[in-house]
Chemist: 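Take a look at the following structure, please.
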Amino acid sequence: MAHQFHHPYTPYDIQLEFMSALYDCIEAGKVGIFESPTGTGKSLSLICGALTWLRDHKRKEFLKSIDGLSADDDEPDWMLEYSKKERTQALTQKWRELEERLARIRKEEERRKKLAQNPHRPSKKQKTDIVASNDEDDSFFELDEYESDTETGKSVRIPGFSDIEGLSASTVALLDRFKGRVTGSKESENDNENQTRIYYCSRTHSQLSQFAQELRRVTLPSSLPPLQENADAEQKEHAELEEVIKHLTLGSRKQLCINPRVLNLGNATAINERCMELQQSGVAADKKCSYLPRKEFEDVQLDFRDRVLSTVQDIEDITQVGKQLSICPYYAARKVIDQCEIITLPYPLLLQRSSREALDLSLRDHVVIIDEAHNLMDAISNIHSVSVTLDQLRTSLFQLTTYARKFQTRLKGKNRVYVTQVIRLVSALAENLQSLSQKHKSSEAVVQYSDLVSGKGVDQINPYKLTRYLQESKLARKVDGYVEHANNKNDKIASGKETRDKTTVPVLFQVQSFILTLMNPSDEGQLFLNKTDGGVILRYMLLDPTNHFRDIVDEARAVILAGGTMSPMSDYADHLFSYLSSAKLDTFSFGHVIPPKNLTARILAKGVLGNDFNFIFDQRTSDSMITDLGQTIANLCAVIPDGVVAFFPSYDYLNQVLNTWRKPSKTGGSIFAEIEKRKPIVYESNNQKKESNTDDVLLEYSKKVESGSGALLLSVVGGRLSEGINFSDKLGRGVLIVGLPFPNIHSAVWKAKIGHIEKQTFAKLTQNESELPVSKRREAEITAKAAGRDFFENSCMRAVNQCIGRAIRHRNDYAAIVLIDRRYETQRIQEKLPAWIRQSLVSSTSNIREGLRSFFKSHQ
Ligand SMILES: Nc1ncnc2c1ncn2[C@@H]1O[C@H](COP(=O)(O)OP(=O)(O)OP(=O)(O)O)[C@@H](O)[C@H]1O
Ligand code: SF4
């Protein structure tokens, strides 16, 4: 059946295909991978497809809850009919009350202004949130008695607001009551808890804001069932009410905190920790954060929720509402979740189980959409990886021993045992890391867990108990607080004034996160040692994100990965979703909205001076090939109008190319000058001041293009200009990709990643059977090697595809894409390009100039 998607524009054909496929995928409860090139209105396709499904689903659920009512055998039919009517009326009434209230709020601009000067605003005195002033005595930093020593003991956790430390029982009870307010009853609260939601997750804050912007364009029919022919006046009136899309955006404390003294700490960990400190039981009531939801502010809390739901708001709007109402948006937002239809949130909040638990976020039977998912596997690995430096280990060892000495007679219960264990562990890590770094000659090496924790009786430590101790005792917070307190005291004596606020991540927190990961390592993790100019670094890296993401797939109703360039797609079926049957996994690659004549994609295997273009690592330093590359690019710049962007495999290589191009030739000129005759060159460098450098480069480039001189921008694949920046229209009439940007296969990390893939593939093929015939074993080995190579190549081609996708940004855009390397002629590599590029791909030799000239002529 064709669905009506309520798209705010006339949808493009590919949007109709996208929305239908998305609808079916969610309905069937599958995992779907959706590739839709940039500029094809992917956000609206996601919104309209998913929310149309959701409203249809809610309508069906509504009818089910009525039809599900049954009469007892001895009850007459009219009684059942009566109950159904009553139930329909009750549900419709509840719906109406909510929509009317939200509609009223939308109109209450005046009242909002008044609330901005909220009389509840806490006094200056209340806002004071210094946990322990320098005059306070050391006892503040003593550890609470710790006796819990059994594996079964669990800390008590009541879902909801109750996980906010330091709230009184009455406040918790109040907040739980508040949960039911929007729909007015306990029964309705439960209804909402079970209602299906959509979680939309993207990588950056600005992507989430853009999504909210697109969400505002959409109006959907209500989730009430359609009117019957005999509908009465009241029902008709209901039907005329607009059902607003209930949206909430979740963020971190760093984004949502409104307590200036905490927010000014700047650093996310410092803000989190200070916020938690302020909620500790030892902190006097007038020193706690006054924005935490409290009994006196009940009405404000309710206003917060209604105002957030009344229109589609992004994170700044929610922070603003929190400020106007003097209520912490970070905590107050949690109670809006049950009422939402769509929740937007950044990657880490969704992808990390601990973050979901902290927010009390259940994915059970809900729909999860992950946008910009082309680098999802890397993102999951990064979120679950952690590092610590040798210096940090040493500093924390010093802090821990200082603390232990100071408080040794006051360490109660099991504290003494566990503090000693932590000291032994950190000391072993520091010593072993030091000797391992001397033993390994290379700058990067794989490190074994057993080598790191050997000696000092670390093998006697029970990792489970120690992990629990670290989490529950708040040792890191106490030690850090004491160290800062002691430092402040000394500095004050020396200088006679207060010292600085904490702005950096306390060392012990970093060490603690490392220990927590080390105590519970995942089978797919690996430890690495790096020697850098800044010292020795120990890294724990998650090599394979499959199992971490499987949690989400198992829990959710449907999971959608969407992106502009998801190709090559084979990694999803082969690795990330290898446990799914093919019936459960759908992949879609949609074409572009441009007509075919707006794109030309060429492979250039030979230069104008006759060199074979083969930029493999060992050959790419050849002066003659680099010179030929320059001359070829100069020729291309002569026929491609306006802006041309060339992507190189690395910053080092780009520097080398520039050096060669600048060398004077026999005639006195240089390749650099030769190119500049056609277009001025602007280039990206691996500068320390990264952001400003990127902005300056872009500004210079666009100014030159606008001035009419055109320009050639030299950039790096996977570099700062390859993602998130649009080279639309004149800014990118040509995109040149020089070589294939393979990662360094000799690095310890890539060796480990490929090794892991080979091992997994081999195990899958042989089912770990030891009795396998030699020929079968050999076959499995060859296939495993091919899987490793494929994974490596896919990583490279994902980066290439990202760059290519920068050029065509809308329906009337046109551009030429030139892939400069003979390896692009192989079928295996071409298959990894997005379908819409592959279709227009032409292998060019001598006639490329003519081809491009007539392509651009047809667009004049
Ligand atoms: N059918 C349509 N007709 C006209 N404009 C549309 C249509 N669909 C979407 N748009 C608009 O096109 C613009 C680009 O859409 P959008 O940002 O969603 O593209 P995208 O494919 O998601 O790109 P990106 O990969 O950068 O996220 C938006 O302003 C959107 O409102
Ligand atoms: S409760 Fe909210 S406003 Fe207060 S410190 Fe914590 S995050 Fe900031």
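Just so it is clear, the model here is predicted, and its values are computed rather than measured.
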Chemist: Does the side chain of Q207 pick up a donor-acceptor pair with the side chain of T204 at under 3.5 Å?
Modeler: yes
Chemist: For the pair F615 and F613, name the ring-plane relationship: parallel under 30°, tilted 30 to 60°, perpendicular over 60°.
Modeler: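 Because their plane-to-plane angle is under 30°, the rings of F615 and F613 count as parallel.
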Chemist: Taking the six-membered ring where the residue is Trp, are the ring centres of F34 and F18 under 6.0 Å apart?
Modeler: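 Yes; F18 has its ring centre under 6.0 Å from that of F34.
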Chemist: Between atom CD1 of I681 and atom CD1 of I633, what is the distance when rounded to the nearest 0.5 Å?
Modeler: 8.5 Å
Chemist: Kindly compute the distance separating CD (Q802) from OG1 (T565), expressed to the nearest 0.5 Å.
Modeler: 3.5 Å
Chemist: Assign the ring pair Y683 / F672 to parallel, tilted or perpendicular, where the plane angle (0 to 90°) is split at 30° and 60°.
Modeler: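 Ring orientation, 0 to 90° scale: perpendicular.
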Chemist: Is there a donor-acceptor contact under 3.5 Å linking the side chains of H810 and D729?
Modeler: yes
Chemist: Keeping the roles fixed (side chain from S442, backbone from A445), state whether a donor-acceptor pair exists under 3.5 Å.
Modeler: no
Chemist: Could you tell me if the side chain of T783 sits less than 4.5 Å from the side chain of F762, heavy atoms only?
Modeler: no
Chemist: If we ignore hydrogens and angles and just use 3.5 Å, is the side chain of S20 paired with the main-chain N or O of E17 as donor and acceptor?
Modeler: no
Chemist: Against H592, only a single residue in Y814, Y12, W836 fulfils ring pair (Phe, Tyr, Trp, His ring centres under 6.0 Å); can you say which?
Modeler: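 Only one option passes, and that is W836.
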Chemist: Charged N to carboxylate O below 4.0 Å: is that the case for K785 and E781?
Modeler: no
Chemist: Look only at the side chain of S840 and the backbone of A601, and say whether a donor-acceptor pair between them is shorter than 3.5 Å.
Modeler: no
Chemist: Is the closest side-chain heavy-atom distance between L580 and K30 below 4.5 Å?
Modeler: no
Chemist: Thinking salt bridges, do E444 and K751 make one under a 4.0 Å N-O criterion?
Modeler: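 Salt bridge flag = no for K751 with E444.
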Chemist: If the threshold is 4.0 Å, N to carboxylate O, is there a salt bridge linking R828 and E831?
Modeler: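 E831 and R828: not salt-bridged.
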Chemist: Indicate yes or no for a side-chain donor-acceptor contact from N801 to the backbone of M797 under 3.5 Å, with no hydrogens or angles considered.
Modeler: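 Checked: pair present.
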Chemist: Any salt bridge between K703 and E706, counting N to O under 4.0 Å?
Modeler: no
Chemist: What are the two closest non-hydrogen atoms of F528 and Q526, and how far apart are they?
Modeler: CZ-CG, 3.5 Å
Chemist: List the steps and the verdict of side-chain contact (heavy atoms from CB on, under 4.5 Å) for Y347 and N375.
Modeler: CA-CA 11 Å; Y347 271 15; N375 276 339; over 6 Å; no
Chemist: Is there a side-chain contact between H548 and L542, using heavy atoms and a 4.5 Å cut-off?
Modeler: yes
Chemist: Find out whether V645 and Y701 are in side-chain contact, i.e. whether some heavy atom of one side chain is under 4.5 Å from a heavy atom of the other.
Modeler: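 They are in contact (side-chain heavy atoms under 4.5 Å apart), so the answer is yes.
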Chemist: Any salt bridge linking K857 with E850? Criterion: basic side-chain nitrogen under 4.0 Å from a carboxylate oxygen.
Modeler: no
Chemist: Locate the shortest heavy-atom distance separating V639 from F856; write the atom from each residue and the value.
Modeler: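 Distance-wise, the nearest heavy atoms are O-CD1, 3.7 Å.
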Chemist: Do the non-hydrogen side-chain atoms of E674 and S665 ever get within less than 4.5 Å of each other?
Modeler: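 No. Closest side-chain heavy atoms not under 4.5 Å.
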Chemist: Answer yes or no: is there a side-chain heavy-atom contact under 4.5 Å between V657 and V738?
Modeler: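 Side chain of V657 against side chain of V738, heavy atoms only: no contact under 4.5 Å found.
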Chemist: Consider side-chain contact (heavy atoms from CB on, under 4.5 Å). Of I560, D586, L585, which one does I33 pass it with?
Modeler: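 Single pass found, and it is L585.
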Chemist: Is H859 reaching over with its side chain to a backbone N or O of K597, donor-acceptor style, under 3.5 angstrom?
Modeler: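 Judged by distance alone, yes, a pair lies under 3.5 Å.
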Chemist: Decide side-chain contact (heavy atoms from CB on, under 4.5 Å) for F742 and F617; before the verdict, give the C-alpha distance in whole Å, the side-chain angles of both, and the deciding distance to 0.1 Å.
Modeler: CA-CA 9 Å; F742 285 110; F617 195 76; over 6 Å; no
Chemist: Just by modelled atom types, is the Q656 backbone N or O under 3.5 Å from a matching donor or acceptor in the T660 side chain?
Modeler: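 Checking the backbone N and O of Q656 against the side chain of T660, a donor-acceptor pair under 3.5 Å is found.
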Chemist: Could you tell me which residues satisfy salt bridge (charged side-chain N to carboxylate O under 4.0 Å, His left out) with K753, sequence neighbours excluded, listed by chain and number?
Modeler: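 Residues passing salt bridge (charged side-chain N to carboxylate O under 4.0 Å, His left out) with K753: none at all.
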Chemist: What's the spacing between I552 CD1 and L351 CG if we round to 0.5 Å?
Modeler: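 Interatomic distance, I552 CD1 to L351 CG, rounded to 0.5 Å: 5.0 Å.
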Chemist: Got a donor-acceptor contact below 3.5 angstrom from the S670 side chain to the K663 backbone?
Modeler: no
Chemist: Just by modelled atom types, is the A212 backbone N or O under 3.5 Å from a matching donor or acceptor in the D314 side chain?
Modeler: no
Chemist: Applying salt bridge (Lys or Arg N to Asp or Glu O under 4.0 Å), which residue pairs with at least one partner in residues 794-805 are found, sequence neighbours left out?
Modeler: D571-R798
Chemist: Judged by atom type as modelled, is there a donor-acceptor pair below 3.5 Å linking the side chain of Y824 to the main-chain atoms of V818?
Modeler: no
Chemist: For residues S45 and L22, determine if any side-chain heavy atom of one lies less than 4.5 Å from a side-chain heavy atom of the other.
Modeler: no
Chemist: What verdict does the side-chain contact (heavy atoms from CB on, under 4.5 Å) test give for I820 and T632, after you've listed the backbone C-alpha separation in whole Å, the side-chain angles of each residue and the deciding distance to 0.1 Å?
Modeler: CA-CA 10 Å; I820 308 180; T632 305; 5.6 Å; no
Chemist: Does a side-chain N-to-carboxylate-O contact under 4.0 Å join D813 and R733?
Modeler: yes
Chemist: For a quick check under 3.5 Å, do E372 and S202 share a side-chain donor-acceptor pair by atom type?
Modeler: no
Chemist: What's the verdict on side-chain contact (heavy atoms from CB on, under 4.5 Å) for I804 and L819, showing C-alpha distance, side-chain angles and the deciding distance?
Modeler: CA-CA 9 Å; I804 297 175; L819 306 170; 4.0 Å; yes
Chemist: Any heavy-atom pair between the side chains of R678 and N635 that's under 4.5 Å?
Modeler: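 In contact.
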Chemist: Other residues, nucleotides and ligands only: do more than 12 of their heavy atoms fall within 6.0 Å of NZ on K730?
Modeler: no
Chemist: Could you tell me whether the side chains of D544 and T546 share a donor-acceptor contact shorter than 3.5 Å?
Modeler: yes
Chemist: Of P568, P649, P741, which meets side-chain contact (heavy atoms from CB on, under 4.5 Å) against C796?
Modeler: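 Looking at P568, P649, P741, the match for C796 under the side-chain contact (heavy atoms from CB on, under 4.5 Å) is P741.
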Chemist: Apply the side chain to side chain donor-acceptor pair (under 3.5 Å) test between S567 and each candidate in R838, K832, E35, H374; give the one that qualifies.
Modeler: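 So, applying the side chain to side chain donor-acceptor pair (under 3.5 Å) to S567 and each of R838, K832, E35, H374, only E35 qualifies.
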Chemist: Has T40 got a side-chain atom pairing as donor or acceptor with P37's backbone, closer than 3.5 angstrom?
Modeler: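 Such a contact is found between T40 side chain and P37 backbone.
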